[in-house]
*Asks:* 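Following this message is one structure expressed as structure tokens.
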Amino acid sequence: MNILLTGGTGYIGSHTAVALAEAGHHVVLFDNFCNSQPDVAQRLHTLTGQALPLVEGDVRNTALLTHTLQAHQISAVIHFAGLKAVGESVAQPLDYYANNVQGSISLLQAMQAAQVNTLVFSSSATVYGEPHYLPLDETHPTAATNPYGRSKLHIEEILRDACAADPALRVLCLRYFNPVGAHASGLIGDNPRGVPNNLMPYLSRVAAGELPHVNVFGADYPTIDGTGVRDYIHVADLASGHLAALAHLAQRPGFDVINLGTGQGYSVLQMIDAFAAASGRPVPHRIVPRRAGDIAACYARPDKAARLLGWQATRTLQDMCRDTWHWQIRGAGHEQLEQLGSVPNLPPGNPQHSPHIP
Ligand code: NAD
Ligand code: UFG
């Protein structure tokens, strides 16, 4: 199948590109690089042995999208492109609605013009808001607490309406829990700009010595050890979930939402211990006040994905920490560690910013 990945050079898109190419699909990447680097395409070439076509453009450019869908004879789209920083969305809500909501409408219009009927959309567990019960199943009420989350909810509703109006349309919204980890090669991974907001990249940089300690946002939650609990899912498991989603859509028209999580929650302190063990490095921490807007615990009931997609996560917390660390020393943070003199056997330079892929 010829599949277009909007946001295909981003964190989740790039891992999904590998999984799709390995499964024999023809992948086309579409990205404006507002939060990724073009050299990801070279890394994907190294990993897949294929030069995946890459179109530079904004999803709000409906004409370019329509042309891309037609020129590459696309039969399905996975829509990763979007802005995702919660704090930034509070400060710049219009940017988030313009990029995420308007971008999705533009994509739907392009799909309609090019007669492409199959769409997988990157939604988020954030659409559940404060949990009324745990684990979260897909019938849990939705309630976003910030513009980022609201943009996801708006898009889900728009997609539902579009499916109601067009019986040929097939749309699956995948509600991701907390994606972490990296490709086992260490060639692609999450590379947030500046100081990371999310826990896993923060742990990784503390272990690498780039940051002094982890700030644990609250130790007075009603959880196993007082710290926040989340459902961390390996990005490679998430990637295989998209393959299962496409196979499902081939059988089932209409609209649906499905959680992609493991069903298992881990606390911040458990994550710190696991990362220290995986990296063999100390991960010092300090307890600080709660972060505004955080919830105590959030984890999925993943039964619907198992039942409808035949999919479940297989990778462990140890796998997630090991692969994040491997990415840190081989990809994202190589240069910094090299300066510390702590990675003696790696080639010089930071492959993330180098034209040559070792
Ligand atoms: P990412 O930022 O790494 O990837 C998104 C990609 O989309 C980037 O390459 C960016 O350059 C591109 N992009 C953004 N706006 C664009 C536009 N208007 N036109 C073209 N390209 C554009 O993020 P990710 O972690 O890979 O997330 C992918 C999707 O999954 C996003 O929609 C995000 O909201 C969703 N999601 C992510 C998480 C998470 O924790 N990573 C959790 C739940 C949902
Ligand atoms: N945490 C810390 N210190 C840090 C960073 C995080 O203690 O430096 C804690 C948080 O308080 C929380 C847990 O670690 O208890 C996880 O926090 P993250 O920021 O990694 O993830 P969130 O669950 O807050 O949110 C993430 C994405 C959202 C997405 C949500 C569900 O950032 O966009 O997962 O998919 F909506």
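Predicted, not measured: the structure shown is a model, and the values here were computed from it. Read the numbers this way: they start at 1 and go in the same order the structure lists the ligands and their atoms.
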*Asks:* Have a look at H285, K84, R230, R286 and point out the one with the heavy atom closest to atom 12 (C) of ligand 2.
*Replies:*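 Looking at heavy atoms only, the winner is R230.
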*Asks:* So which heavy atom in the protein is nearest atom 24 (O) of ligand 2, and how far is it from that ligand atom?
*Replies:* R291 NH2, 3.0 Å
*Asks:* Mind checking whether Y148 has a heavy atom under 4.0 Å from ligand 2?
*Replies:* yes
*Asks:* Under the ring pair (Phe, Tyr, Trp, His ring centres under 6.0 Å) rule, collect the residues that match up with F217, sequence neighbours excluded.
*Replies:* none
*Asks:* For ligand 1, which atoms have a heavy atom of S122 less than 4.0 angstrom away?
*Replies:* 29 (C), 30 (O), 32 (O), 35 (C)
*Asks:* List every atom of ligand 1 that sits less than 4.0 Å from any heavy atom of G7, numbering the atoms from 1 in the order shown and giving each element.
*Replies:* 6 (C), 7 (O), 12 (C)
*Asks:* Identify, for atom 19 (N) of ligand 1, the protein heavy atom at the shortest distance, and state residue, atom and that distance.
*Replies:*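 The answer is V59 N, 3.0 Å.
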*Asks:* Looking only at protein heavy atoms, identify the closest one to atom 13 (C) of ligand 2 and say how far it is in Å.
*Replies:* Y232 OH, 3.6 Å
*Asks:* So which protein heavy atom does atom 24 (P) of ligand 1 come closest to, and at what separation?
*Replies:*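 Result: K84 NZ, 3.7 Å.
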*Asks:* Are any of the N or O atoms of T126 closer than 3.5 Å to those of ligand 2?
*Replies:*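 For ligand 2, there is no N or O atom that lies under 3.5 Å from one belonging to T126.
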*Asks:* Whether K304 and D256 form a salt bridge (side-chain N of Lys/Arg under 4.0 Å from carboxylate O of Asp/Glu) is what I want to check.
*Replies:* yes
*Asks:* Taking the minimum heavy-atom distance to atom 21 (N) of ligand 1, which of N197, N32, T126 ranks first?
*Replies:* N32
*Asks:* Should one rank F217, Y266, F177 by closest heavy-atom distance to atom 2 (C) of ligand 2, which comes out on top?
*Replies:*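 When every heavy atom of F217, Y266, F177 is considered, F217 comes closest to atom 2 (C) of ligand 2.
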*Asks:* I want to know if ligand 2 touches Y202 in the polar sense, i.e. an N/O pair below 3.5 angstrom.
*Replies:*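 It does not: no N or O of Y202 is found under 3.5 Å from an N or O of ligand 2.
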*Asks:* Kindly list each side-chain donor-acceptor pair under 3.5 angstrom involving residues 64-75, sequence neighbours excluded, with atom names and distances?
*Replies:*
from	atom 1	to	atom 2	distance (Å)
T66	OG1	T62	O	2.7
T68	OG1	L64	O	2.7

*Asks:* Can you tell me which residue and heavy atom of the protein come closest to atom 3 (N) of ligand 2, and the distance to 0.1 Å?
*Replies:* N215 O, 2.7 Å
*Asks:* Under 3.5 Å, is there a donor-acceptor pair linking the side chains of Y176 and S122?
*Replies:*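 The criterion, which ignores hydrogens and geometry beyond distance, is satisfied for S122 and Y176.
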*Asks:* Fit a plane to each ring of H132 and H140, take the angle between them on a 0 to 90° scale, and name the class: parallel (under 30°), tilted (30 to 60°) or perpendicular (over 60°).
*Replies:* perpendicular
*Asks:* In this structure, does ligand 1 have an atom that sits under 4.0 Å from one of the heavy atoms of G57?
*Replies:*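 Yes.
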*Asks:* What protein heavy atom lies closest to atom 9 (O) of ligand 1? Include the residue and the distance to one decimal.
*Replies:* D31 OD2, 2.6 Å
*Asks:* Ignoring hydrogens, just give me the one of F33, Y148, F80, Y11 whose non-hydrogen atom is nearest atom 36 (N) of ligand 1.
*Replies:* Y148
*Asks:* Would you check whether S123 has a nitrogen or oxygen atom less than 3.5 angstrom from a nitrogen or oxygen atom of ligand 1?
*Replies:* no
*Asks:* Do any N/O atoms on H79 end up under 3.5 angstrom from N/O atoms on ligand 1?
*Replies:*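 H79 vs ligand 1: no N/O contact under 3.5 Å.
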*Asks:* Under 4.0 Å from a heavy atom of C34: give me the atoms of ligand 1 that qualify, with their elements.
*Replies:* 10 (C), 11 (O), 13 (N), 14 (C), 15 (N)
*Asks:* With a 4.0 Å cut-off on heavy atoms, is T6 in contact with ligand 1?
*Replies:*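 Under 4.0 Å: no for T6.
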*Asks:* Below 3.5 angstrom, do we get any N/O pair linking L199 and ligand 2?
*Replies:* yes
*Asks:* Looking only at the side chains, is there a donor atom on one of Y96 and E88 sitting less than 3.5 Å from an acceptor on the other?
*Replies:* yes
*Asks:* Which option, I233, N197, I272, owns the non-hydrogen atom nearest atom 5 (C) of ligand 2?
*Replies:* N197
